[in-house]
Number of protein chains: 2
Amino acid sequence: MKKEETTEHQILDAAKDVFQSKGMDGARMQEIADKAGINKAMLHYYYRSKQLLFEAVFKNAFSLLAPQLNAILNDDSPIEEKIRNFTNDYTTFMMKHPYLPNFIINELNRNEDFILKLKENTGFPNLEKFKAKVDAEISQGNLKPIDADQLFVNILALNIFPFLGKPLVKALTKKDEKAYKAFTESRKTEVANFIINSIKQS
Amino acid sequence: MKKEETTEHQILDAAKDVFQSKGMDGARMQEIADKAGINKAMLHYYYRSKQLLFEAVFKNAFSLLAPQLNAILNDDSPIEEKIRNFTNDYTTFMMKHPYLPNFIINELNRNEDFILKLKENTGFPNLEKFKAKVDAEISQGNLKPIDADQLFVNILALNIFPFLGKPLVKALTKKDEKAYKAFTESRKTEVANFIINSIKQS
DNA sequence: ACATTTGTTAACCATTTGGTTAAACCTATT
DNA sequence: AATAGGTTTAACCAAATGGTTAACAAATGT
């Protein structure tokens, strides 16, 4: 039997759907069981409690996101190239997992201690290399002076916000689903240009 | 008796606290009653149901946010000035209401139909004037060509994200509460500079 | 073939939760 | 002081919810 067909994995898969769309508090164990096509008792057999099942889903979700961040942080390419790649890759990735950013951001806000557990994990994104690279390129006169943390948050903000605030932005800009998708698609390059325009020393 | 001391208002006040920090699903009517210092039956006496109490809180919250957006959209000052003012005012405002962005974004994601009700309200932010102004300044050669929707989303993203993603950003940039506050404070001008650097025709 | 472990189910349970009710409690008006 | 109105409370209720149990089935090892 393939891994994807085991009961344990079917549960995790159903739990992912339910938790990511309804959050910890809105999710119902019965709904997860129904979606997985099994008895509710099985959830507890494999994962003990709602909390533990939730944590399994959350860690899974975060372990998808972290490599996306590390991609920009841990390679040696010039900042400009980092930004172009990240903006393109991250947006492509998020269009495939639209619930992910909101799920993670929201559950971290609900329980601030939660991130402490994540920090312990190896693979938790580290900014040091990125900062050093930014500072180096500023010294070389390649970039205008900017605090690396601020730049990093700006990059994150511009890429993540369209997914977090989708319902609001859709309404404000009066776009339907199709137009919003095109809007997001064009951001793959627009955002990179916007950032680079701002920081590149002319 | 002042308006703030009426039972009805005390309920709304307590409900705001609880709903904004725990969300619709996580909030408990008993907790709201306790926080308001009254009997649980009073909640239903004044607001009928949890759903209606929630909607009262939500509309209230949105009616705080909308004027902040309209400020940038509906005045006649040059784009550069709009951006500087908005970035400063919005961040100042959000530092006073840190739960607001997450609450609104999150509940809109939970129930996409909800925004339809808001759209009907007069005072729902309208981008037309802002777009016209951006296009005009581009024609004048004052700004580099950019889609006004994209620019608007960028402005929003850069200003809102530090509040939405606070726990994540705090962890990634390894800042404590005090450092994060200073970081946010300095964004009042940093973000405006970042945007204007990017779009100003040199 | 038999025993032991592992997986699965239906029924059940205690608690929590949003909501209701009927009576008590003001407070102003007559 | 009696009355009538809205206001407030304690007690209650039905439904939902996370979790448990005990019996049963299916593998697994000997």
Side-chain angles (χ1 to χ4, degrees), chain A residues 1-61 99 103 106-107 110-111 113-114 117, chain B residues 1-61 99 103 106-107 110-111 113-114 117:
Chain A
M1 184 162 43
K2 291 174 191 169
K3 190 182 167 193
E4 291 78 37
E5 289 167 356
T6 65
T7 302
E8 186 171 354
H9 190 275
Q10 279 177 310
I11 292 174
L12 201 63
D13 226 47
K16 188 193 72 184
D17 273 14
V18 176
F19 277 127
Q20 290 193 9
S21 62
K22 308 203 169 173
M24 170 67 174
D25 293 328
R28 294 293 160 249
M29 294 297 267
Q30 189 61 58
E31 189 182 350
I32 296 172
D34 291 348
K35 192 158 282 187
I38 48 131
N39 189 288
K40 184 162 66 87
M42 295 305 283
L43 304 182
H44 295 94
Y45 180 76
Y46 283 106
Y47 292 92
R48 290 259 312 277
S49 68
K50 187 184 184 184
Q51 179 65 27
L52 287 174
L53 177 53
F54 173 80
E55 287 180 20
V57 169
F58 187 88
K59 281 177 188 157
N60 233 276
Y99 282 112
F103 174 65
N106 197 41
E107 298 299 335
R110 209 179 51 84
N111 181 2
D113 297 335
F114 215 61
K117 290 184 194 169
Chain B
M1 182 163 46
K2 291 173 190 169
K3 189 184 169 192
E4 291 79 37
E5 289 166 357
T6 64
T7 304
E8 187 171 353
H9 190 275
Q10 280 177 309
I11 292 174
L12 202 63
D13 227 47
K16 189 193 71 186
D17 273 14
V18 176
F19 277 128
Q20 290 194 10
S21 62
K22 309 202 168 172
M24 169 67 173
D25 293 327
R28 294 292 161 249
M29 294 297 265
Q30 188 60 58
E31 188 182 351
I32 296 173
D34 291 347
K35 192 158 281 187
I38 49 135
N39 188 287
K40 183 162 66 87
M42 296 304 284
L43 304 182
H44 295 94
Y45 180 76
Y46 283 104
Y47 292 92
R48 292 260 312 278
S49 68
K50 186 184 184 184
Q51 179 64 28
L52 287 175
L53 177 54
F54 173 79
E55 287 180 19
V57 169
F58 188 87
K59 280 177 188 159
N60 233 276
Y99 283 113
F103 175 65
N106 197 42
E107 299 299 335
R110 208 179 50 84
N111 181 1
D113 297 335
F114 215 60
K117 291 184 193 169

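Chain letters run A, B, ... following the sequence lines, proteins first and then strands; every chain starts at 1. Atom set for the values below is all heavy atoms of this structure, side chains included, hydrogens, waters and symmetry mates excluded.
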Self-check item: Comparing B/K40 and B/G37 on DNA chain D - which has the more 5′ nearest nucleotide
Solution: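 Final value for this comparison: B/G37.
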
Atom pair distance, as rounded to whole Å: [atom1] in [X] and [atom2] in [N]:
{"X": "B/I38", "N": "D/dA10", "atom1": "CD1", "atom2": "C1'", "value": "14 Å"}
{"X": "A/D34", "N": "C/dA10", "atom1": "CG", "atom2": "P", "value": "12 Å"}
{"X": "B/M24", "N": "C/dT17", "atom1": "CE", "atom2": "C1'", "value": "12 Å"}
{"X": "B/Y47", "N": "C/dG19", "atom1": "OH", "atom2": "P", "value": "15 Å"}
{"X": "B/N39", "N": "C/dT20", "atom1": "CG", "atom2": "C1'", "value": "12 Å"}
{"X": "B/Q30", "N": "C/dT17", "atom1": "CD", "atom2": "P", "value": "9 Å"}
{"X": "B/L43", "N": "C/dG18", "atom1": "CG", "atom2": "P", "value": "10 Å"}

Q. Heavy-atom count around A/F54 CZ within 6.0 Å, excluding the residue itself: above 12?
A.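 Counting neighbours around CZ of A/F54, more than 12 heavy atoms of other residues, nucleotides or ligands fall under 6.0 Å, so yes.
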
Can a side chain N or O of [X] be found less than 4.0 Å away from OP1 or OP2 on [N]?
{"X": "A/R28", "N": "D/dG18", "answer": "yes"}
{"X": "B/Y45", "N": "D/dG6", "answer": "no"}
{"X": "B/T7", "N": "D/dT8", "answer": "yes"}

What nucleic acid atoms does [X] come within less than 4.0 Å of, heavy atoms only: base, sugar-phosphate, or nothing?
{"X": "A/M29", "result": "sugar-phosphate"}
{"X": "B/Y46", "result": "sugar-phosphate"}
{"X": "A/A33", "result": "nothing"}

Original post:
For B/E107 and B/N111, does a side-chain donor sit closer than 3.5 Å to a side-chain acceptor?
Top reply: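 Side chains of B/E107 and B/N111: no pair found under 3.5 Å.
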
Under 6.0 Å between ring centres: does that hold for A/F58 and A/F103?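 For A/F58 and A/F103, the ring centres are under 6.0 Å apart.
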
